[in-house]
Amino acid sequence: MLKHTVKHLQPYTPEKPLADLKKELGLASLVRMSANENPFGTSPEVRQAVANWDFTQSRDYPDSNASQLRRSVADQLHVASEQLVFGNGLDEVIALIARAFLEPGDEVVEPWPTFSEYRLHAEIEGARVVDVPVQPENGNFDLDAMVQTITPRTKLVWLCNPNNPTGTLMSLTALTQFMRRVPENVLVLVDEAYIEFTDDYPATSAIRLLPQFNNLVVLRTFSKIYGLANFRVGFGIFPKQLVTCLQAVRLPYNLSAIAQLSAQAALADQTFVQTTRSRVQQARRSWETFLTDMVLPHYTSQTNFQFFQAPHNQAQALKQQLLQHGFLVRDGLMPGWLRITFGTANQNQTVQQVIRTFQLNLQ
Ligand SMILES: *Cc1c(COP(=O)(O)O)cnc(C)c1O
């Protein structure tokens, strides 16, 4: 009965609820450093906005057009409000793109490793995903190889910038040169979930290239620097000629009123964003110094997480060790490597101490 592309899919296994895992391990505290959430929480302005929400609106459908949020985002990013398509998290926009563009037999090009949702949704639509490994020495995309992988069947190219899980940033010069070599009937999707964490933001964003290329899309989320993962708000900035069809495919009431007003309040509090960025930059420097001192292979991060090779490739054992100390990190993205979301300065120090001890005990 099931369509054949989904018959063999395994459901996304979210981590156990933190409370359950904590109890199971008998831990006094457990910090999740595996999901790239904001360790500094959410803007207090959001709390206020949610508290002030008129509860009698509960029975009403939300604004399908997210009009106010749309206007605020368009102003903030200097794009036309008609270019925006909102989703219940960026995850939904990724699913929407696959649903709207892909047919069985189409091809999708992506780097490897990268965010897993691109592949999942392409496969559900029956498309074939071609992985192009990142350059092993620095984690950068192999853009030449990606261009060469494009065939007449290629519909989409995914570029996560900075990339999850490598954390590396592609320059706009490199992206511009890439775009010039990509056929105009291939859509290039730049997922900027982490772009606000980059040192030179907003100069690092592909938004400024949108007027030059009719086949370029930029994707954003409120889940990371805005600390709003629970409310599920993401969006794409699309070429105008694609928007009508995407809006037709999108579910009409995909963003609750609370999600819309939370995102609006979060966007208005740029002080919170600035503070988060500078704390994350500080954490990044501390991790860079630590991993360099430890001589552990790693890529240069421009995000709120660090990807690195565990001592002697013992990623599983190190993950367990960190868990015993109350820190949950992400493995399974590249053999022998772990991805750690930055915590507070104290948490980072403790985690680094556990890694140091782990390495000493191996010698
Ligand atoms: C977290 C993340 C997303 C998903 O964000 P949501 O808005 O929470 O769905 C999309 N892309 C990348 C690369 C991410 O890391």
Side-chain angles (χ1 to χ4, degrees), residues 12 14-15 32-39 41-42 46 66 69 73 77 84-99 108 110-122 129 131 134 139 141 156-170 175 188-198 201 204-206 217-238 250-251 254-256 258-260 262-264 266-267 273 276 280 299 301-307 329-330 332-334 338-342:
Y12 174 74
E15 286 164 341
R32 177 149 66 186
M33 297 175 124
S34 57
N36 299 343
E37 292 146 334
N38 190 332
T42 310
V46 174
L69 178 61
V73 169
L77 298 178
L84 301 172
V85 178
F86 287 92
N88 193 260
L90 181 48
D91 279 352
E92 193 190 40
V93 183
I94 294 168
L96 174 66
I97 290 166
R99 195 160 180 225
V108 174
E110 64 169 20
W112 184 87
T114 195
F115 191 54
S116 61
E117 297 290 305
Y118 315 142
R119 167 177 286 277
L120 172 71
H121 294 290
V129 181
D131 280 343
V134 300
F141 299 143
L156 308 178
V157 177
W158 284 98
L159 293 171
C160 183
N161 196 43
N163 189 35
N164 178 5
T166 53
T168 50
L169 179 72
M170 161 184 63
L175 176 60
V188 176
L189 302 130
V190 181
D191 180 343
E192 296 192 337
Y194 301 95
I195 198 76
E196 300 94 340
F197 292 114
T198 57
Y201 183 80
T204 46
S205 171
V217 176
V218 174
L219 303 166
R220 294 283 185 91
T221 176
F222 281 90
S223 296
K224 306 290 158 58
I225 206 166
Y226 287 97
L228 224 60
N230 210 328
F231 287 99
R232 317 303 303 128
V233 185
F235 60 92
I237 311 157
F238 289 89
R250 176 180 68 84
L251 297 180
N254 57 340
L255 260 69
S256 73
I258 299 188
Q260 294 181 31
S262 303
Q264 177 121 13
L267 191 68
V273 174
T276 298
V280 163
Y299 297 139
S301 172
Q302 276 288 297
T303 59
N304 65 333
F305 57 82
Q306 180 65 56
F307 197 48
V329 303
R330 186 74 154 86
L333 298 165
M334 200 160 91
L338 291 176
R339 189 192 70 193
I340 297 189
T341 309
F342 302 152

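The first residue of the sequence shown is numbered 1, and numbering continues consecutively from there. Both ligands and their constituent atoms are indexed starting at 1 by order of listing.
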Regarding Asn163 and Tyr194, do their side chains bring together a donor and an acceptor under 3.5 Å, going by distance alone? no
Would Glu192 and Asn161 count as having a side-chain donor-acceptor pair, cut-off 3.5 Å?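 Side-chain D/A pair, Glu192 to Asn161: absent.
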Can you report which non-hydrogen protein atom sits closest to [atom], along with the distance?
{"atom": "atom 4 (C) of ligand 1", "answer": "Asp91 OD1, 3.4 Å"}
{"atom": "atom 10 (C) of ligand 1", "answer": "Phe115 CE2, 3.4 Å"}
{"atom": "atom 8 (O) of ligand 1", "answer": "Ser223 OG, 2.6 Å"}
{"atom": "atom 1 (C) of ligand 1", "answer": "Lys224 NZ, 1.4 Å"}

So does Arg330 get a backbone contact from the side chain of Ser34, meaning a donor-acceptor N/O pair under 3.5 Å?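 Such a contact is absent between Ser34 side chain and Arg330 backbone.
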Are Arg220 and Asp191 close enough for a salt bridge, meaning some N to O gap below 4.0 Å? no
Before accepting this row, confirm whether a basic side-chain N of the pair Glu37/Arg32 lies closer than 4.0 Å to the acidic partner's carboxylate O. yes
So for Arg232 against ligand 1, with non-hydrogen atoms under 4.0 Å, the contacting part is side chain
At under 4.0 Å between heavy atoms, which part of Tyr194 makes contact with ligand 1: side chain, backbone, both or neither? side chain
Measuring from the heavy atoms of [X], does anything fall under 4.0 Å of ligand 1?
{"X": "Gly234", "answer": "no"}
{"X": "Glu117", "answer": "no"}
{"X": "Cys160", "answer": "yes"}

Taking distance alone, with no angle check, do Thr221 and ligand 1 share an N/O pair under 3.5 Å? yes
Answer yes or no: does an N/O atom from Tyr118 fall short of 3.5 Å to an N/O atom of ligand 1? no
Using the side chain to side chain donor-acceptor pair (under 3.5 Å) rule, pick out the option among Asn36, Asn304, Thr303 that qualifies with Thr341.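 The single option meeting the side chain to side chain donor-acceptor pair (under 3.5 Å) with Thr341 is Asn36.
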Report the relative orientation of the aromatic rings in Phe115 and Tyr118; use parallel for angles under 30°, tilted for 30 to 60°, perpendicular for over 60°. perpendicular
Lys NZ or Arg CZ of Arg339 over Phe307 ring: under 6.0 Å, within 45°: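 No, Arg339 does not lie over the aromatic ring of Phe307.
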Who gets closest to atom 11 (N) of ligand 1 by heavy atom: Val93, Asp191, Ile94?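 Minimum heavy-atom distance to atom 11 (N) of ligand 1 goes to Asp191.
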